[in-house]
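Worksheet: the structure to be examined is printed underneath.
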Amino acid sequence: MTDQKPVVRLDGVRKEYGETVALDGVSLEIRSGEAVAVMGPSGCGKSTLLNMIAGLDRPTGGTIEVHGERVDAMNETKLALFRRHHLGMIFQFFNLLDDLPALDNVALAAQLTGSKAGPARKRALELLDELGIADRRNIYPAALSGGERQRVAVARALMNRPALLLADEPTGALDSKAGEQVMDLLLDLNQIGQTLLIVTHDERLAHRCASRLVEMGDGRIARESALERS
Ligand SMILES: Nc1ncnc2c1ncn2[C@@H]1O[C@H](COP(=O)(O)OP(=O)(O)OP(=O)(O)O)[C@@H](O)[C@H]1O
Ligand SMILES: [Mg+2]
């Protein structure tokens, strides 16, 4: 059965930081199974847009629905739970916990939603295995390569089977080989149905992984186009 409701719906979203207008009336829908790339010059509001959708920050105007719920109107407690259950996020600099080995970084995501340690660790290991880094499970982030760290971060983001995976410059800190691996991974995930929203400066990442391109400028959507994946 196809889900008719969009996974994400933004309507007239505005965000001001003092005098700065970071988002100036953004309306956007993302349907289940889509892979959307957001591009545009530095400072045009890409990360702000992602952070609004993730409920990490609140808009000053407009509405944001994710997975059928108004994240802009949720209280902090509900938002934290909602984020853990329905969203996965990956970042340029991985945001792993330095004092936990790879497996525990991943398993923690499920434990925070109430899973017991045993099943959480089992699923974490399965994911690390699928991402080709099961042998690195006991290694701390500092001793992992950038590509390995990002794969651990992807595994963590997938732990709770999120309706939406959000990525902010996921290849931005990786060399080209590790970047390629992460691109392949994102493409594979989308091809098995994972809905993706990727913010990137990397044309190749957008064209490789995304089915739709959203170009931003000055806090607005300047252009939207369908992509033929290369
Ligand atoms: N927490 C904040 N406080 C004040 N201003 C902010 C904050 N976050 C973003 N801004 C401002 O909002 C605008 C949009 O920033 P944003 O980080 O969304 O841009 P971006 O498109 O992600 O840029 P980049 O490509 O460099 O990552 C910028 O002018 C930025 O300085
Ligand atoms: Mg940014």
Side-chain angles (χ1 to χ4, degrees), residues 7-30 34-66 71-76 79-80 82-83 87-96 146-147 149-150 153-154 156-157 162 164-176 178-180 182-183 185-186 189-190 195-225 227:
V7 177
V8 177
R9 175 154 54 197
L10 281 80
D11 193 9
V13 172
R14 248 188 107 71
K15 178 66 181 179
E16 291 159 28
Y17 294 105
E19 300 280 279
T20 306
V21 180
L23 295 176
D24 185 15
V26 172
S27 298
L28 176 69
E29 279 193 8
I30 300 174
E34 275 197 289
V36 175
V38 178
M39 299 193 76
S42 185
C44 73
K46 304 179 298 295
S47 295
T48 304
L49 178 71
L50 214 73
N51 292 342
M52 296 289 129
I53 294 170
L56 294 171
D57 204 347
R58 289 181 193 273
T60 37
T63 60
I64 304 175
E65 261 180 49
V66 179
V71 293
D72 60 287
M74 258 179 218
N75 70 39
E76 290 299 325
L79 199 49
F82 182 85
R83 207 184 291 124
L87 298 177
M89 292 198 78
I90 57 176
F91 303 92
Q92 180 172 5
F93 296 108
F94 326 118
N95 293 16
L96 298 173
R149 284 182 215 176
Q150 197 59 301
V154 171
R156 177 183 59 182
L164 177 66
L165 181 61
L166 298 161
D168 197 346
E169 301 284 359
T171 60
L174 302 178
D175 64 32
S176 61
E180 297 272 337
V182 169
M183 286 182 210
L185 186 55
L186 292 172
L189 287 169
N190 181 245
T195 311
L196 295 178
L197 179 57
I198 308 167
V199 165
T200 184
H201 283 286
D202 184 343
E203 296 263 355
R204 286 194 342 116
L205 172 59
H207 286 267
R208 178 99 152 255
C209 300
S211 53
R212 181 151 62 104
L213 175 63
V214 171
E215 289 171 88
M216 290 182 67
D218 291 333
R220 294 167 170 267
I221 293 178
R223 208 156 74 101
E224 284 192 62
S225 49
L227 292 178

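From a predicted model like this one, the values you see are computed outputs, not experimental measurements. Counting starts at 1 for both ligands and their atoms, in listed order. Residue indices begin at 1 and follow the sequence shown.
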TODO: Provide, to 0.1 Å, the distance between atom 21 (O) of ligand 1 and the closest protein heavy atom, together with that atom's residue and name.
DONE: Lys46 NZ, 2.8 Å
Open item on the list: Can you confirm whether more than 12 heavy atoms, excluding those of Arg220, are under 6.0 Å from its CZ atom?
Closed with: no
- [ ] Please report which non-hydrogen protein atom sits nearest to atom 24 (P) of ligand 1, along with the residue it belongs to and the distance in Å to one decimal place.
- [x] Ser42 OG, 3.6 Å
- [ ] Please lay out, stage by stage, how Val38 and Leu50 fare under the test side-chain contact (heavy atoms from CB on, under 4.5 Å).
- [x] CA-CA 9 Å; Val38 178; Leu50 214 73; over 6 Å; no
Task: Point-to-point distance, once rounded to the nearest 0.5 Å, from CD of Glu34 to OG1 of Thr195 - done: 8.0 Å
Task: Part of His201 within contact of ligand 1 (heavy atoms, under 4.0 Å) - done: side chain
Task: Asn95, CG: over 12 other non-hydrogen atoms inside 6.0 angstrom - done: yes
Open item on the list: For atom 1 (N) of ligand 1, what's the nearest protein heavy-atom neighbour? Residue, atom name and distance, please.
Closed with: Tyr17 CE2, 3.5 Å
Open item on the list: Please determine whether a side-chain nitrogen of the Lys or Arg among Glu76 and Arg83 lies less than 4.0 Å from a carboxylate oxygen of the Asp or Glu.
Closed with: no
Open item on the list: Quick check on the Mg ion (ligand 2): does Ser47 put an N/O/S atom closer than 2.8 Å to it?
Closed with: yes
- [ ] Report the nearest protein non-hydrogen atom to atom 15 (O) of ligand 1: residue, atom name, distance rounded to 0.1 Å.
- [x] Thr48 OG1, 3.7 Å
TODO: Run the numbers on Asp24 and Asp218 for side-chain contact (heavy atoms from CB on, under 4.5 Å), then give the verdict.
DONE: CA-CA 8 Å; Asp24 185 15; Asp218 291 333; over 6 Å; no
Open item on the list: Tell me the protein heavy atom at minimum distance from atom 30 (C) of ligand 1, and give that distance in Å.
Closed with: Thr20 CG2, 4.8 Å
- [ ] Identify the protein heavy atom lying closest to atom 12 (O) of ligand 1, giving its residue, its atom name and the separation to 0.1 Å.
- [x] Ala22 CB, 3.3 Å
Task: Proximity winner for atom 14 (C) of ligand 1, if only heavy atoms of Gly43, Ser47, Gly219 are counted - done: Gly43
Open item on the list: Does the protein place a non-hydrogen atom closer than 4.0 angstrom to atom 18 (O) of ligand 1?
Closed with: yes
Task: Test: Arg208 and Glu180 ion pair at under 4.0 Å - done: yes
